[in-house]
Amino acid sequence: RTMTLRPSSVVAAACYLALLATVGSVVPSCSAFQFPHQQQYAAPPRQALTSRQQPRRLWATAGDDASATSSDAATAAEGGTSSSDDEKKPFDTRVMEMFLNQKYPAFMQLLSNQDIWKELSTGDGGYTIFAPNNKAFDKLGEKKLLQLNDPRNLETTEKIGRYHAIAAPVSSKQIYDSNTGGIKTLGGDLPIGKTKKGGFLGFGGEEDGGVTVNGAKILESFEVTNCIVHEVDDLIHPKLLWRYMDQLRIL
């Protein structure tokens with residue numbers, strides 16, 4: 001049986017083939033597309049934190065409004081009155097207490113007095129905590145650890161704790177750049193210094209960017225709800241306070 005093609009069918013088939021050829025030249029093959037999940041990203045190298053770098057921001061709450069703080073600072077710089085001047089609201093210290101309990105449980109014994117937290121909650125834009133790590137307490141030895149837990153030494157222990165707090169946020173860079181030679185804590189004034197590398201028997205050497213507070217080196221810094229925690233490798237209170245241990249009161 002013979003099939004006869006009509007002229008109109010031949011023309012339609014030719015047009016269809018021409019259309020396919022045109023689309024094929026315009027639309028690339030699937031291999032030319034790169035979907036988002038196929039892209040390779042190289043993670044940036046992790047840099048070690050030094051004392052002069054800004055603290056790492058870890059915790060924040062709904063009431064932590066950094067933009068409002070920046071606005072107030074700009075208004076004050078222009079000579080106006082910031083909103084914080086009209087009504088000074090106390091800071092909620094519960095987040096900080098939770099952070100310290102988890103990371104520095106031994107140190108939290110020195111801050112058991114709620115009067116310390118009450119004073120810090122009304123600090124100037126926040127507050128600063130110098131938190132000795134657990135290794136610092138291990139270096140104290142059994143005798144001094146027992147003294148810190150002795151109820152007779154409660155007043156002295158609270159005095160030690162006050163030296164580890166400042167009623168204002170102070171970064172390690174601010175301490176490093178300070179030319180005052182000391183800082184004022186809730187307990188009193190403490191000397192500050194800069195660490196060095198190299199040298200011989202304490203002489204010579206070059207500053208390596210590290211900071212010390214009464215001989216204790218700042219190892220790492222954290223920002224917790226606009227407040228700052230500096231981890232230090234030793235207690236920073238005056239060593240003279242140990243002489244008051246095992247006495248009923250500080251005279």
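Here the structure is a predicted model, which is why all the values come from computation and not from measurement.
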Taking [X] for its side chain and [Y] for its backbone only, find out whether a donor-acceptor pair lies under 3.5 Å.
| X | Y | value |
| --- | --- | --- |
| N101 | E97 | yes |
| T93 | M96 | no |
| W117 | R94 | no |
| D234 | A216 | no |

Fill in the blank from the handout: K118 meets the side chain to side chain contact (heavy atoms under 4.5 Å, CB included) criterion, sequence neighbours left out, with none
Handout entry: Partner set under side chain to side chain contact (heavy atoms under 4.5 Å, CB included) for A167, not counting sequence neighbours
Key = L186
I want to check something: taking the side chain as every heavy atom from C-beta on, are [X] and [Y] in contact at a cut-off of under 4.5 Å?
| X | Y | value |
| --- | --- | --- |
| V213 | V232 | no |
| T128 | H230 | yes |
| I228 | V170 | no |
| S178 | I192 | yes |
| F99 | T225 | no |
| I129 | F107 | yes |
| E231 | K103 | yes |
| T195 | T212 | yes |

Nearest 0.5 Å, please: how far is [atom2] in [Y] from [atom1] in [X]?
| X | Y | atom1 | atom2 | result |
| --- | --- | --- | --- | --- |
| K144 | N153 | NZ | CG | 12.5 Å |
| K139 | N133 | NZ | CG | 7.5 Å |
| D177 | K173 | CG | NZ | 4.0 Å |
| T185 | L190 | OG1 | CG | 4.5 Å |
| S171 | Y176 | OG | OH | 13.0 Å |
| D233 | K217 | CG | NZ | 7.5 Å |

Problem - Polar side chain donor-acceptor pair, Y244 to E155, under 3.5 angstrom - result: no
Problem - Polar side chain donor-acceptor pair, E158 to N113, under 3.5 angstrom - result: yes
Exercise for the section: Examine M108 and L145 and state if one hydrophobic cluster contains both, with Ile, Leu, Val, Met, Phe, Trp and Tyr joined whenever side-chain heavy atoms are less than 4.5 Å apart. Expected result: yes
Handout entry: Single-linkage hydrophobic cluster, 4.5 Å side-chain cutoff, L154 and L241 together
Key = no
Handout entry: W242: ring pair (Phe, Tyr, Trp, His ring centres under 6.0 Å) partners, not counting sequence neighbours
Key = H237
Problem - Residues F130, L235; criterion side chain to side chain contact (heavy atoms under 4.5 Å, CB included); working and verdict - result: CA-CA 8 Å; F130 295 94; L235 278 71; over 6 Å; no
